[in-house]
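Protein chains get the first letters and strands the later ones, always in sequence-line order, with residue 1 at the start of each.
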2 protein chains.
Amino acid sequence: MTPAVGPSRSQPATLSDVARLAGVSIATASKALNGRTQVRAETRQRVIEAAERLAFRPNQLARGLLVGRSGTVGLLTSDLEGRFSIPILMGAEDAFGAGEVAVFLCDARGDAIREQHHVRALLGRRVDGLIVVGSRTDPRPSLGRELPVPVVYAYAPSDDPDDLSIVPDSVDAGRIAVEHLLACGRTRIAHITGDPGYLAAQERAEGALTALADAGLAPVGEPRFGAWSEGWGRAATALLLDRHPDLDAVLCGSDQIARGVMDVLRERGHRVPEDVAVMGFDNWQVLTAASRPPLTSVDMNLEQVGRAAAHALFGAIGGVRHSGVETVRCRVVIRGSTAPLS
Amino acid sequence: MTPAVGPSRSQPATLSDVARLAGVSIATASKALNGRTQVRAETRQRVIEAAERLAFRPNQLARGLLVGRSGTVGLLTSDLEGRFSIPILMGAEDAFGAGEVAVFLCDARGDAIREQHHVRALLGRRVDGLIVVGSRTDPRPSLGRELPVPVVYAYAPSDDPDDLSIVPDSVDAGRIAVEHLLACGRTRIAHITGDPGYLAAQERAEGALTALADAGLAPVGEPRFGAWSEGWGRAATALLLDRHPDLDAVLCGSDQIARGVMDVLRERGHRVPEDVAVMGFDNWQVLTAASRPPLTSVDMNLEQVGRAAAHALFGAIGGVRHSGVETVRCRVVIRGSTAPLS
DNA sequence: TAGCTTTCAGAAAGCCTTTTCGGTTTCTTT
DNA sequence: AAAGAAACCGAAAAGGCTTTCTGAAAGCTA
């Protein structure tokens with residue numbers, strides 16, 4: 001690393017620089033560059049060339065100060081490392097980035113104090129709105145109703161029904177998963193899932209049981225709750241096979257669990273998917289693609305959750321306020337671990 | 001989702017509101033709130049209470065306009081989904097978030113056009129600096145020297161040596177990995193790694209070979225390049241065992257490869273770590289923790305890369321300009337897959 | 001009490017842009 | 001050619017804040 005004397009960075013050009021170079025007033029320069037009428041085409045051209053030459057970029061701070069909207073939104077996440085926040089964040093960034101909106105990223109690390117701090121800082125910067133991204137689908141404390149800007153909660157809904165939240169439809173996710181297995185001709189279906197303290201685990205199980213009941217079936221054993229890990233998948237499968245060696249499908253609460261399940265199935269001589277179909281949740285590429293065979297999984301469409309949140313916020317900024325919990329449907333991504341019974 | 005008429009969101013309080021409530025001029029109010037002298041303690045107190053009552057938050061847009069610094073930086077990433085960008089991003093966000101700086105997040109999706117677009121937008125918002133985060137350690141095109149604000153490149157260095165880049169030390173990473181295996185008493189070490197088009201793969205291999213040579217050893221077979229996948233790990237291991245059944249350690253270019261390697265080793269009856277030690281790169285928790293046994297891996301300290309980038313940018317904004325490539329050392333995280341030979 | 005310093009408050013300029021509105025020039029029209 | 005219309009341009013204000021500089025009041029000394 002070599003210290004060096006920087007080239008004196010010249011201040012960025014201002015509108016008055018452009019106006020001076022083009023030989024017009026500031027007002028005319030502004031109108032020319034903003035495509036407004038009341039400027040002769042020839043004059044406009046001169047201004048545009050001047051702006052070009054000076055690499056002029058209008059100062060958004062000044063514009064924001066004037067028009068009362070900063071053109072920025074705050075994205076408040078509770079855990080950047082969490083793999084659920086990122087796709088949502090991408091979707092939101094995507095939906096905004098296309099337009100004229102820039103996104104402030106803040107990570108509260110699950111700490112309410114830090115979150116409060118970030119909210120204050122963002123309000124000081126006059127963001128036009130806020131998206132709060134959670135890391136699990138359980139409700140989280142509302143930021144309150146007294147904020148001067150609209151707020152949309154994504155993935156983790158607010159506990160205040162008066163707020164607007166966008167979440168994946170976990171109940172439906174459980175249902176469509178079972179329906180896929182039924183469509184493959186499976187009838188002896190078990191469910192191994194994760195931490196019972198997670199609403200997502202409960203809701204998926206609920207949806208799955210409903211779909212089974214609708215088909216006049218009962219699950220093979222009760223749904224088994226445990227942890228979101230491969231280890232639990234392995235342990236639960238071992239127990240399950242001892243009691244119900246005749247099962248023909250296992251619906252897993254996560255892709256990690258599914259990997260553990262598949263490992264034990266293979267070790268015990270059950271073929272996937274010929275003997276037993278296996279299916280996961282989350283559609284986490286690195287796991288679904290690498291497993292043998294590739295794993296069918298339910299994708300939560302998190303990017304779409306992010307985009308929907310961005311659009312809702314956009315609407316709210318425009319004055320269209322909504323409230324309640326809006327759900328986004330999940331989808332089954334079919335791979336080799338599920339196939340019709342031949 | 002229920003449409004509703006929003007409560008008319010009151011405009012945030014301004015300094016002049018505070019001044020009026022406190023019965024002073026806005027100049028005095030400003031000085032009182034900013035802890036400047038020339039204000040009687042009693043007056044200051046009155047102003048502070050007024051500000052409190054109105055929930056006054058100074059408008060950073062106005063302040064930025066005035067002082068010529070916005071207190072914001074742009075974080076330009078090329079792939080948000082990439083698992084390498086995120087920790088760096090966290091580190092940077094962390095280093096800034098503590099202070100008075102807010103971070104604009106932009107994802108260019110690996111598209112140069114979009115990147116250029118984002119740079120322009122950020123400059124329009126008068127960011128004080130830019131951090132460019134890449135998704136692999138190969139050099140990337142510089143944004144150019146003509147930017148009005150300092151730029152720091154993280155993970156992927158700039159191809160212009162006059163820019164400042166912060167990257168993990170991949171050569172050293174290869175070296176310390178081998179040194180760990182040597183310290184475990186291993187001497188017949190093979191290297192299975194990923195895509196040879198990645199500089200990281202080349203440099204890690206180089207460091208590994210150097211460390212072996214320094215110990216007077218040669219690798220078991222040549223380093224095998226392939227893909228960063230479990231499948232390649234499995235395939236390469238099968239080939240390797242056929243030719244060199246006597247090896248006692250495999251250094252893998254990634255955790256994914258390592259998982260494939262361990263699977264095949266186990267299937268063929270080699271115990272890990274008793275017979276063969278296995279070690280990966282990236283220290284990706286979900287893989288290292290779930291494998292059997294837990295995987296020893298080299299952590300690239302990416303958060304530290306992000307923090308270092310943020311600090312460097314901070315310095316550059318303050319006028320201390322550096323250039324060249326600065327490296328951050330990696331570290332070995334020891335788990336069950338490597339152990340001393342007994 | 002006159003003259004000095006010290007302490008504190010406020011007026012005003014400035015940051016950069018947009019927009020309104022009044023003023024000047026050019027073009028039509030009869 | 002003169003009046004009216006149209007086209008074009010610029011002065012100025014506004015937005016919220018910080019800072020400098022001026023002014024006033026209070027406290028001090030002789």
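- Between A/Glu100 and A/Arg63, none of the side-chain N atoms (NZ, or NE/NH1/NH2) sits under 4.0 Å from a carboxylate O, so this pair counts as no salt bridge.
- You'll find the side chain of B/Leu123 reaches within 4.5 Å of the side chain of B/Leu147, heavy atoms only.
- B/Leu65 has its CG atom 14 Å from the C1' atom of D/dT19, to the nearest Å.
- Counting 5' to 3', DNA chain C first comes under 4.0 angstrom of a heavy atom of chain B and last does so at the ends given by C/dC8 to C/dC16.
- Overall, the helix from C/dT1-D/dA30 to C/dT30-D/dA1 carries an axis bend of 60° between its ends, with five pairs at each end and the value rounded to 10°.
- A straight line from CG of A/Leu61 to P of D/dC17 spans 13 Å, rounded to a whole angstrom.
- Following rounding to the nearest Å, A/Arg36 (CZ) and D/dG10 (P) show an atom-to-atom distance of 17 Å.
- Listed pair B/Arg63 / D/dT18 meets the phosphate criterion, a side-chain N or O lying under 4.0 Å from OP1 or OP2.
- B/Asp79 pairs by the side-chain contact (heavy atoms from CB on, under 4.5 Å) definition with B/Thr77, B/Ser85, B/Ser135, not counting sequence neighbours.
- Within a 6.0 Å sphere centred on CZ of A/Phe314, heavy atoms belonging to other residues, nucleotides or ligands number 12 at most.
- Residues A/Pro157 and A/Val325 share a closest heavy-atom pair of CB-CG2, 4.3 Å.
- A sub-4.0 Å separation between OP1 or OP2 of D/dG15 and a side-chain N or O of B/Asn59 is absent.
- Here D/dT20 presents its P atom at 10 Å from NZ of B/Lys31, a figure rounded to the nearest Å.
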**Request:** Mind running side chain to side chain contact (heavy atoms under 4.5 Å, CB included) on B/Val47 and B/Val39 for me, showing each step along the way?
**Result:** CA-CA 10 Å; B/Val47 173; B/Val39 181; over 6 Å; no
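- Note: CD (A/Gln38) to P (D/dA11) measures 15 Å, nearest angstrom.
- Under the 4.5 Å side-chain criterion, counting only non-hydrogen atoms from C-beta, B/Arg57 is in contact with A/Arg126.
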**Prompt:** How far apart are the C-alpha atoms of B/Glu49 and B/Arg53, what are their side-chain angles, what is the distance that settles it, and do they pass the salt bridge (Lys or Arg N to Asp or Glu O under 4.0 Å) test?
**Reply:** CA-CA 6 Å; B/Glu49 278 164 13; B/Arg53 192 123 57 98; over 6 Å; no
Would you mind writing out the side-chain donor-acceptor pairs for residues 23-35 of chain A within the sub-3.5 Å range, not counting sequence neighbours?
from, atom 1, to, atom 2, distance (Å)
A/Ser25, OG, A/Ala27, N, 3.4
A/Ser25, OG, A/Thr28, N, 3.2
A/Ser25, OG, A/Thr28, OG1, 3.1
A/Ser30, OG, A/Asn34, ND2, 3.3
A/Asn34, ND2, A/Ser30, O, 3.1

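- Pairs engaging residues 84-121 of chain B under the ring pair (Phe, Tyr, Trp, His ring centres under 6.0 Å) rule: A/Phe104-B/Phe104, B/Phe84-B/Tyr155 [sequence neighbours left out].
- Within residues 16-29 of chain B, the residues having any heavy atom closer than 4.0 Å to DNA chain C are, in order of number, B/Val24, B/Ser25, B/Ala27, B/Thr28.
- For B/Glu42 and D/dA26, the CD to P distance is 13 Å, given to the nearest whole Å.
- Comparing B/Val67 and B/Thr43 by the nucleotide of DNA chain C that holds the closest heavy atom to each, the one mapping nearer the 5' end is B/Thr43.
- Put simply, the side chain of A/Val151 reaches to within 4.5 Å of the side chain of A/Val132, judged on heavy atoms.
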